[in-house]
Amino acid sequence: MDKLIIQGGAELRGEIWISGSKNAALPILFAALLTERRVKIANLPHLHDVTTTIELLGALGVTVSIDEKMHLAVETQTLTAVTAPYELVKTMRASILVLGPLLARYGEANVSFPGGCAIGSRPVDLHLKGLQAMGAEIEVDQGYIKARSAGRLKGAHILMDTVSVGATENLMMAAALAEGTTVIENAAREPEIVDLANCMNTWGAKVCGAGSNTLTIQGVEKMLGGDYKVMPDRIETGTYLAAAAATGGRVKVTKTDPSALEAVLLKLKEAGAVITQGDDWIELDMQGRRPTAVNLKTAPYPGFPTDMQAQLTAVNAVSQGCGRVTETIFENRLMQVQELNRMGANIAVEGNTAVVTGVDELKGAPVMASDLRASAALVIAGLVASGETVVDRIYHIDRGYECIEEKLQQLGAKIRRVPN
Ligand code: EPZ
């Protein structure tokens with residue numbers, strides 16, 4: 001397994017561009033299954049999870065090709081299977097998003113039951129309950145979710161017990177080809193949901209209300225083809241801005257969308273950052289100052305995103321003062337704390353809150369990545385720490401950050417990847 005070796009101490013300075021959003025790209029790739037016509041998808045990030053999704057589409061017999069502009073063309077007329085195999089699903093939980101589109105288009109789908117992961121048990125009960133409300137027959141047999149629908153799915157009125165990004169996406173896609181209208185209340189409002197809805201509507205679906213907590217989807221007989229460009233990655237954006245804040249630097253990120261991460265920008269301003277922005281760029285300048293610790297509590301959009309919690313914990317670790325970071329979405333998403341404390345951080349965990357007392361200096365150390373965003377927090381800590389930090393198991397990072405070492409090198413970081 002590759003490692004990242006970081007010599008800390010440099011203030012990040014410079015400009016980088018932001019890649020397409022992982023969490024928008026994955027559902028959009030699965031949405032291609034809804035139409036028999038050819039679709040083209042642009043601005044896909046070159047990430048392990050995207051490769052895995054393309055592999056999964058291939059395993060279903062879907063034809064995928066990449067053109068000279070790295071746009072992905074998807075044609076589903078060659079589909080030969082409706083089973084998402086364990087070998088692929090076990091590496092990427094988001095494979096569950098194949099369920100809704102396959103069921104809606106072909107009336108059947110078998111998906112290996114996605115296990116939990118480091119951050120939590122990650123149940124899929126809301127996905128299954130919603131599909132059953134639309135008339136699907138679902139059984140779990142030998143570790144597989146087996147879903148069938150006799151004829152078209154039927155539009156339904158669904159009230160989600162919990163706000164769930166994935167369940168909202170799965171049910172929105174299933175409803176696109178259902179007979180009649182589906183209303184999803186207490187829907188997730190994340191920008192990635194809006195991007196998926198915009199993409200599906202470009203391809204002929206009729207989704208209204210994306211971005212609000214009530215979605216109305218009018219089922220259509222068939223969807224069309226078309227082209228779509230994936231939105232920028234708001235979490236990658238926030239991660240590099242957090243790294244700039246932790247190192248007291250000045251960084252400009254381009255090809256991004258400031259409107260998708262307001263809660264993060266507000267917290268970074270609270271931490272003392274001077275932030276300027278345009279339509280597709282953000283500049284963060286710490287003016288050489290050390291950040292001030294902030295309190296935050298994760299919440300569904302437009303609240304502070306759980307995917308930025310570990311990164312702000314790392315910023316707090318080297319800030320002036322004490323900040324309380326409360327994780328409310330996942331039951332086990334404070335794992336970066338132990339590794340940060342091994343680097344000299346002073347963080348106590350009280351239930352789902354990390355009480356972070358900033359220290360003047362972190363010390364480089366060998367650390368181990370556990371999940372995607374905790375790994376990003378360790379990289380941020382390594383950039384600030386004195387001495388050398390070796391981050392092991394960085395396949396976690398490669399799932400969500402395109403060319404992380406090249407982008408950080410472009411900002412003046414002393415970081416390199418070594419194969420294990
Ligand atoms: C999506 O995961 C993202 N992944 C996650 O990003 C993100 O952290 C999460 O949304 C929350 O914003 C992708 O988009 C591929 P949820 P998802 O369903 O859909 C509970 C990253 O780092 N729940 O919104 O799996 C669940 O346990 C990843 O990029 C149920 O109880 O998250 C959690 O407590 C990590 N039953 C809460 O809802 C269900 O059927 C929110 O989960 C589904 C979810």
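Numbering of ligands and ligand atoms starts at 1, following listing order. As a basis for the values below, the full set of heavy atoms in this structure was taken, side chains included, without hydrogen atoms, waters or symmetry mates. The shown structure was predicted, so the numbers you read here are calculated from the model rather than taken from an experiment.
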Could you pull out the closest heavy-atom pair between Leu362 and Ala345, with the gap in Å? CD2-N, 3.5 Å

N/O to N/O below 3.5 Å, does that happen between [X] and ligand 1?
{"X": "Lys22", "answer": "yes"}
{"X": "Ile119", "answer": "no"}
{"X": "Val165", "answer": "yes"}
{"X": "Glu331", "answer": "no"}
{"X": "Gly166", "answer": "yes"}
{"X": "Leu372", "answer": "no"}

With a 4.0 Å cut-off on heavy atoms, is [X] in contact with ligand 1?
{"X": "Lys129", "result": "no"}
{"X": "Gly120", "result": "no"}
{"X": "Arg333", "result": "yes"}

Hey, are [Y] and [X] close enough side-chain-wise for a donor-acceptor pair under 3.5 Å?
{"X": "Arg105", "Y": "Thr76", "result": "yes"}
{"X": "Arg333", "Y": "Thr306", "result": "yes"}
{"X": "Glu331", "Y": "Ser121", "result": "yes"}
{"X": "Glu327", "Y": "Gln309", "result": "yes"}
{"X": "Thr353", "Y": "Thr326", "result": "yes"}
{"X": "His396", "Y": "Asp371", "result": "no"}

What I want to find out is whether Lys40 reaches Asp67 closely enough, with some N-O distance under 4.0 Å, to be called a salt bridge. yes

Closest protein heavy atom (residue, atom, distance) for [atom]:
{"atom": "atom 22 (O) of ligand 1", "value": "Arg373 NE, 2.9 Å"}
{"atom": "atom 20 (C) of ligand 1", "value": "Thr162 CG2, 4.6 Å"}
{"atom": "atom 6 (O) of ligand 1", "value": "Asp307 OD2, 3.0 Å"}
{"atom": "atom 34 (O) of ligand 1", "value": "Ile329 O, 2.6 Å"}
{"atom": "atom 3 (C) of ligand 1", "value": "Asn23 ND2, 3.7 Å"}
{"atom": "atom 40 (O) of ligand 1", "value": "Leu126 N, 2.8 Å"}
{"atom": "atom 25 (O) of ligand 1", "value": "Arg122 NH2, 3.0 Å"}
{"atom": "atom 9 (C) of ligand 1", "value": "Phe330 CZ, 4.0 Å"}

Of the backbone atoms (N, CA, C, O) and the side-chain heavy atoms from C-beta on, which set of Pro123 has a member under 4.0 Å from an atom of ligand 1: side chain, backbone, both, or neither? both

Quick one: look at Thr306 and ligand 1, take heavy-atom pairs under 4.0 Å, and tell me if it's side chain, backbone, both or neither. side chain

Taking Ala187's backbone N and O only, do any of them form a donor-acceptor pair with Asn213's side chain (distance below 3.5 Å, no angle check)? no

Tell me if a side-chain donor or acceptor on Ser21 pairs with a main-chain N or O of Asn23 at a distance below 3.5 Å. yes

Quick check on contacts: which atoms of ligand 1 are under 4.0 angstrom from a heavy atom of His127? 40 (O)

Using a 4.0 Å cutoff against the non-hydrogen atoms of Val124, which atoms of ligand 1 qualify? 39 (C), 40 (O)

Side-chain contact test, heavy atoms from C-beta onward, threshold under 4.5 Å: evaluate it for Met92 versus Thr53 and give yes or no. yes

Charged tip of Lys252 within 45° of Trp281 ring normal and under 6.0 Å: yes

Please say whether more than 12 non-hydrogen atoms of neighbouring residues, nucleotides or ligands are located less than 6.0 Å from CG in Asp279. no

